Structure formats: structure tokens, C-alpha cells
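See structure below.
All figures in this text were calculated on a predicted structure; none of them were measured in a lab.
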Amino acid sequence: MKTQLQQLIEQALQGLRQTGQLPATTLPSITLERTRDRAHGDFASTIALALAKLARRQPRELAQTIVAALPAVDWIDRVEIAGPGFINFFLAPPAYQQVVRDILRQGDAYGRNPLGAGNRVQVEFVSANPTGPLHVGHGRGAAFGATVANLLEALGFQVHREYYVNDAGRQMNILAASVWLRYLELCGETVAFPANGYKGGYVREIAAVLHGEHGAAYAVPAADLTAGLPPDEPQGGDKEIYIDALIERSRTLLGENRYRYVFELGLNTILDDIREDLREFGVIYDEWYSERSLSERGAVNKAIARLHEAGQIYEKDGALWFRSSAFGDEKDRVVQRENGQTTYFASDIAYHLEKFERGFDRVIDVWGADHHGYLPRVKAALQAMGVDPAKLDVLLVQFAILYRQGIRVPMSTRAGEFVTLRELRQEVGNDPARFFYVMRKSEQHLDFDLDLAKSQSRDNPVYYIQYAHARVCSVMGKLREKGWTWDEARGDANLSRLVEAQEEALLVALSRYPEVLEAAALQYEPHQLAQYLRELANAFHTYYNEHRVLVEDGVLRDARLNLSLAVRQIIRNGLSLLGVSAPEVM
RNA sequence: GCGCCCGUAGCUCAGUUGGAUAGAGCGUUGGCCUCCGAAGCCAAAGGUCGUGAGUUCGAGUCUCGCCGGGCGCGCCA
């Protein structure tokens, strides 16, 4: 509807350019927007205001000229010029009636459009370290990333959903050591648990599996483990230095094969748990990309070599540095440590380089907002390697703060005191969780009211929207009870009977859906869709309270059924993109 | 200290890439079920858009300063 109108204006401007009434230079894009006030029509354009200076004419007078040049079509009722030079379009009822037809005909496909033209987009999200279960902070990234991916897919992009698995590096070694220490406890050894170890209960569970399957085959005397190690934090030492020493000692005592086994057991157990957790949450990936595979394939060294060829690598203090400050970063960054190990950043450079080598036209990363300082160095690396950094969009997601009975639920990652995503899903359900996570702008802090999410009342926006859907289903059931049938064709032919104010409001709301979907997708803002669905549900509830759908007049009844079923279809389509179910009965 | 994000109704937030008289929900107050589901609807009250300047036909929206809050500034990941 909007694009058709835009094309109409474009035609008018073309005509004016050919007759010399407008300069032939490139013109600004045609602004066209929904009016806030019905008195201003359905759509308003500020094109005359924008062109006035360029054309050296008065805005209002220019607006007159443009309006006169508009091709005549039957779906526009009239066009007015108002204020300083707004052009207001009043659409004719048939334009809105057509929306109902389109929705019922296209069904689940309605609202989709081919804008993306099959361009390949990668969306990487969550990517939490597999050192423990996902918590509620990851949940927001999951819901947000999955929805952005769905939205882009609806716009015709070819979307690849990916989880970057940090299966290499120090954190994973800490996990392996933690598991092993808990295992030793099960073997009857007494060892002080390291201050920097993973203390969550899930570590004990993994240790129990190891103990159950292999008995004492991985045991060593506690004295061998700690002999000669530097002091841990409680003893006045450095917990980082201590844990690193402990890891080294563990590898030595276990030998590489047995150490590897413990390491893999921890990694795989947790990764399986994360996979299952996300799957239950309705988040499905196309690929789980291993960080370890990057270095094993030599991709990390290749990336460093590439930066080296570009002349952006230098050596200092025994380490290799990337000259990121030459590309807008605050300072240069180490890619290879003094001890020869490459850094996490080096892996990330290689990973992002591969993303583009794999042929994606656009790459989207969803990060926790606390990583925002990391962005300049990643963009710097891409630029240095000759990749256009503008092809990478990083979306930052703020944390969600849980409230129960108005009181903030305390959470800290240390000491394992956090609420897991699984716990949240069990407490409030998947639908409210998915919806609440995306109902606010992602870069905004989210106050997640657990009691509200659980409440089955009008206060809960999820139920409010789902209720509108169930209501239409209920009407269809009632129709059968009364022994009537729905004649879609008859309703279709009599949509002009929909003349009530609430019906017109509903038609306008329905016609907005494709525009909302497009804006939400292109701006990566799922909350726009969530917001819209609430408005649509409200328009339906208002209508439903004021007028009966199942009236005696069969012609009017069918027209109203068509309208109601169109509403149901849009709610279903919209909720589906958000990963929320549309129940027929509640 | 430097960088990024955020300040809109009592609370939580929208505000259509600079447009016309700034909007929802919750909460408060008052109405609506002999009638398709009251998990619903309607109405009222509630605002110096943190603040001071600037840009222009026009600023909640863009620029700068200030105030207040969050995050980040590792040879960690």
C-alpha cells in the first residue's frame, strides 16, 4: 500500500522533471509516512517541503504542482495540501478492503517480501562460553538474535544462524580442572577448591558422571596435586596465577590423553545442555562453529600473516601486536603473547575473516553490551585485511534484570549465583519469556517482571495478544454451534459493509503490518513488531466489545468473519516471527 | 580521566530514519457481562520530553556544553 503510493509520487516527479518544472538533478528519497491524526488523511508526504529549496519555489505552491501531476487512480479518495506544504492522501475504502483479501489469500506468507533478494546474511548470537548453563542474560541474546534472524528471513534474506563455540582457551581449562577437582572429592581426596574455579553444582554432576563411569581411574593423591604450587587467593596469593599453575599440574599428573578426556567430557556435557536448552526455547542454529577448529586448520596464523602482509603487525616485548590504532581503535592490541600463544582476539580476527570468505554479504553479531569496547578492534582488523567494516553490524544487547514481587533478584556470575535460562523458562513459560525479552529496545536495560510474565491477565501483553487470536477461533467454533457456515467468497464480495469506526480502525491496523515488519527487520528492532501486535489486538478487542461478529444478516456476518480471520492471520504471522505460539484455546 | 549507551506521565516504556495538538501499558479513580470468552472494553486524571544554548519553515528526534545513571578501557575470554 505504502510502496504503491510511493511509486505514484515518483511518477509525478518524473513527469515534472521531463517538463522542466523540477531540476533534473538527483532528488531526495520520497518521504511518506502514516499520519498521526485521521484528519490529515492516511498518508502524508513532506516531499514538497524537502524539494522547495532545491526547486527554488514556495513549498505550498510546489505541492500544488506535484498533486496536479499525480496519475489518477481509483483507490485514492482525495489529496489535500495542508500546513506549510504537507501533501495528505486520503485512501478510498476499496484500498483497505483489498488488504483483507490479500491476507486471506496469502495466509502465512502475508507480509513477507522479496526485498532481501536472496542476499546472504549471517547472524551470530548467544555464543556463550560452554563453561556452564545459559543464564537469563544469554536468554535475551537468544530471543533477540533468533527474532532478528526470523525477520530478515521474512524479508527475503538468506539467513544463516550460527553459534560460535569458545571451545579453546583458558576458561575451558579452568572448567576441566574444576571438574577434575570435584571428581577427586568423590574419590575421597581432600583438596581446597580454587578461588577462581567454577563452583556451580553442574560441575559436581559432571564429576559424578566421570566417577560413575571410570571409578578411581583418574585419581591421584591430593598431596601430589598441590605440592609446590603458589598460594591461592585465600592464602594471600593471586587466584589467576594459582589456577594456571593448577591446570599445568593437572595436565602433568593426568597425562595428555586423560586430561583431554576430562576436558572433552566437561565441554560436551555443557554444550549438549546448551543446545537442548536453546532448542526447547525455539532457537535453532544452522551451525555450531568451533573456535578450536580455527587454529587446528591454521586459520589464526593465516589471519595474522594477512595482517603482517598489510604491514600492520609489529613485535614489542616479545609479543606480536596489531596496529589497530591506525584504524580508529584506542590502542594497539596483542595477537600473539610472549609465550607464543595466540590471543582470543586473534581467533576472533580469523573467525570474522572466514565469515566473509564464506561469502556472506552481511554479517551480524549479537553481543552483550559489556563487550561494546571490543567493536573498534574487530572493525579495525577487518579494514586492515581489506574487508569493508560496514558489512559487519554489531547489535548490543543489555542485560535483563529480574524482578520478583517488585524486588530485584540478585545475580552475580561469581559463586554461581545466577538464574539460568532454563529456570526462567520453567517458571514463566517459553512464550512470555520470548516476548518479554524482545518487547523493549535491545540496547535498553530490560526490567523483567516475573510475576507479570506469569500472570494470566490483561496486564500480561503476551496473553493479551494470544487472547485476541483465541477469541477469533472461539467465534468460529460458535459459528458451527449455531449451524451456520462461513462463506468466504460472499464475505469477500461484501467487504464494503465494514463501515463501523472500529472496523475502519482495524483495517488501517491490518494494512500497517507489512510496513511494520519491514521496518522492524531493517532496523533490527523486534520490539516494533511486539508493540504493533499489541495495538492490533487492542483494536480487535475494542471492536469485539462494541459489535457482534455473528449477526443474523449472513452477508454482513461473512464480511465480519473475513475481517476477523484476517486479524487472526496477522497475529499468528507476527507471533510466529517472535517465536511465540498462537493458541486456539486458552 | 577517555570512549560508548541512556535520561519522555507516579512506575515500565513507544515515539514511524527532522513534521502537524508528545502516545501506550501498569498503577489511581469511575463506568460496562439477560448479548459471539470480562484473560475483555470505555472514560477521567497525570508532561518545563534531565538542563542551557545552537542549526531551520519546523527539534523529544540533529550539533555542542553541563547535570545524573549504566557499561567499557588486560599479553582474560
Side-chain angles (χ1 to χ4, degrees), chain A residues 2 29 31-37 39-40 44 46 49-50 52-53 58-59 82-86 88 129 131 166 168-172 174 240 291 316-321 330-331 333-339 341-345 347-348 368-376 396 398-399 403 406 439-441 443-447 449 452 455-464 466-468 470-479 481-482 502 512 515-516 519 522-523 527-528 530-532 534-535 537-538 540-551 557 560 564 585-586:
Chain A
K2 183 179 176 181
S29 62
T31 57
L32 185 67
E33 51 192 35
R34 294 273 175 175
T35 55
R36 266 176 217 165
D37 189 340
H40 298 137
T46 57
L49 294 167
K53 196 170 283 182
Q58 293 298 318
F86 296 106
N88 293 336
N129 286 350
T131 53
N166 297 122
R170 185 159 168 270
Q171 298 303 320
M172 289 309 302
I174 295 176
E240 306 285 352
E291 176 189 358
K316 191 182 86 180
D317 304 330
L320 290 183
W321 297 71
E330 290 174 356
K331 47 174 285 196
R333 310 287 174 176
V334 170
V335 290
Q336 186 172 32
R337 277 176 269 183
E338 199 178 359
N339 65 11
Q341 284 186 337
T342 53
T343 59
Y344 171 84
F345 178 46
S347 293
D348 235 10
D370 53 337
H371 285 71
H372 70 81
Y374 196 70
L375 181 58
L396 300 173
Q398 288 281 0
F399 288 128
Y403 285 86
M439 68 195 256
R440 303 290 179 223
K441 262 204 188 109
E443 66 262 32
Q444 199 82 261
H445 284 283
L446 174 68
D447 286 329
D449 185 334
L452 179 63
S455 78
Q456 304 197 355
S457 74
R458 79 190 106 185
D459 311 351
N460 188 335
V462 187
Y463 284 99
Y464 184 87
Q466 289 179 323
Y467 184 55
R471 258 186 160 169
V472 178
C473 296
S474 170
V475 168
M476 293 307 282
K478 202 76 187 177
L479 179 80
E481 271 178 43
K482 293 198 174 210
Q502 293 85 353
R512 284 176 52 211
E515 296 159 30
V516 170
L522 295 180
Q523 295 165 39
H527 78 275
Q528 290 192 31
Q531 200 90 13
Y532 164 82
R534 211 204 167 279
E535 288 167 20
N538 174 249
F540 181 74
H541 287 313
T542 299
Y543 172 52
Y544 186 88
N545 262 272
E546 200 64 32
H547 301 286
R548 292 183 62 80
V549 175
L550 301 180
V551 290
R557 184 173 69 232
R560 288 182 171 178
S564 303
V585 183
M586 297 174 64

Which part of the nucleic acid, if any, lies within reach of [X] when heavy atoms closer than 4.0 Å are counted: base, sugar-phosphate only, or nothing?
X	value
Gln531(A)	sugar-phosphate
Arg440(A)	base
Leu49(A)	base
Arg34(A)	base
Ala319(A)	base
Thr542(A)	sugar-phosphate
Ala44(A)	base
Ala82(A)	base

Donor-acceptor pair (no angle test) under 3.5 Å: [X] side chain, [N] base:
X	N	value
Arg36(A)	rU21(B)	no
His371(A)	rG72(B)	no
His372(A)	rC5(B)	no

Could you classify rC33(B) for me, syn or anti, using a glycosidic angle within 90° of 0 as syn?
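Here rC33(B) takes the syn form, which means its glycosidic angle is within 90° of 0.
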Identify whether the distance between the nearest side-chain nitrogen and carboxylate oxygen of Arg512(A) and Glu515(A) falls below 4.0 Å.
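Glu515(A) and Arg512(A): not salt-bridged.
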At under 4.0 Å between heavy atoms, which parts of nucleotides 25-33 of chain B does protein reach? Answer with one letter per nucleotide, 5' to 3': B base, S sugar-phosphate only, - none.
SSS------
Check whether the aromatic ring of Tyr374(A) stacks on the base of rG72(B), taking stacking as ring centres less than 5.5 Å apart and planes within 30° of each other.
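Here the ring of Tyr374(A) and the base of rG72(B) are not stacked, as the 5.5 Å and 30° limits are not both satisfied.
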